[in-house]
Amino acid sequence: MSIASLIDSYGITVKVYRATRAADALGASVETWAATQDGGSDIEYTGYVTLQGGNQTGSGRDRRGGGKETRQQSAKVYFKGAVDVKFSDRLVWTDPVRSGELTFEVRSVTTPQYRPGTDALQYTSCLAAEVRQG
């Protein structure tokens, strides 16, 4: 199955949150995450997501905290064509299996124009790491 047909068949809605940075009263940097673009509409794409790590066998990146392993999941997300996703954006979607919201931070983006071959303009892929809340 091609990436495009996987997105068509099993794609889910992924929101893209982008950080805006400002300074507080003491001059410290403050990040605010927003899922809107200039026109006021949300940045949403249909993407095919594969999760790695988490409840599976450890990846070598497992950390210990409070006496237990705290594994960090990673995700590979595919979008059709060229989309506006950048390093350090946050990708948020509702997990269709566990019905909870997942947040991942983009660690790398492979844009279509940098991939040789017949799929050169077909999809964008992102590697993202889970953002732990709390």
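All of these numbers come straight from a predicted model, not from anything done at the bench. Only this structure's heavy atoms are used, side chains among them; waters, hydrogens and symmetry mates stay out.
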[X] side, atom [atom1]; [Y] side, atom [atom2] - distance, nearest 0.5 Å:
X    : Y    : atom1 : atom2 : answer
Y45  : F79  : OH    : CZ    : 8.0 Å
L102 : E130 : CG    : CD    : 6.5 Å
D84  : D89  : CG    : CG    : 7.0 Å
I12  : T46  : CD1   : OG1   : 9.5 Å
S74  : R107 : OG    : CZ    : 11.5 Å

**Report entry** Identified side chain to side chain contact (heavy atoms under 4.5 Å, CB included) partner of F104 from the options L51, V131, V77
**Finding:** L51
Query raised in the report: Stepwise, does the side chain to side chain contact (heavy atoms under 4.5 Å, CB included) test hold for L91 with T103?
Result: CA-CA 6 Å; L91 305 177; T103 303; over 6 Å; no
Query raised in the report: Would W93 end up clustered with V109 when hydrophobic side chains under 4.5 Å apart are linked, directly or stepwise?
Result: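 Yes; tracing contacts between hydrophobic side chains, which count when under 4.5 Å, links both residues.
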Query raised in the report: Between I43 and V85, is there a shared hydrophobic cluster once you connect ILVMFWY residues whose side-chain heavy atoms come closer than 4.5 Å?
Result: yes
Query raised in the report: For Y17, what residues pass the ring-ring contact (aromatic ring centres under 6.0 Å, His included) criterion, not counting sequence neighbours?
Result: none
Query - Partners meeting side-chain contact (heavy atoms from CB on, under 4.5 Å) with T50 (sequence neighbours left out) - result: Y48, Q52, K76
Query raised in the report: In chain order, what residues pass the side-chain contact (heavy atoms from CB on, under 4.5 Å) check against S5, with sequence neighbours excluded?
Result: M1, S2
Query raised in the report: How would you list all residue pairs meeting salt bridge (charged side-chain N to carboxylate O under 4.0 Å, His left out) that involve residues 1-17, not counting sequence neighbours?
Result: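 Qualifying pairs, neighbours excluded: D8-K80, K15-D42.
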**Report entry** Side chain T124, main chain G81, donor-acceptor under 3.5 Å
**Finding:** yes
Query - Test salt bridge (charged side-chain N to carboxylate O under 4.0 Å, His left out) applied to E101 - qualifying residues, sequence neighbours left out - result: none
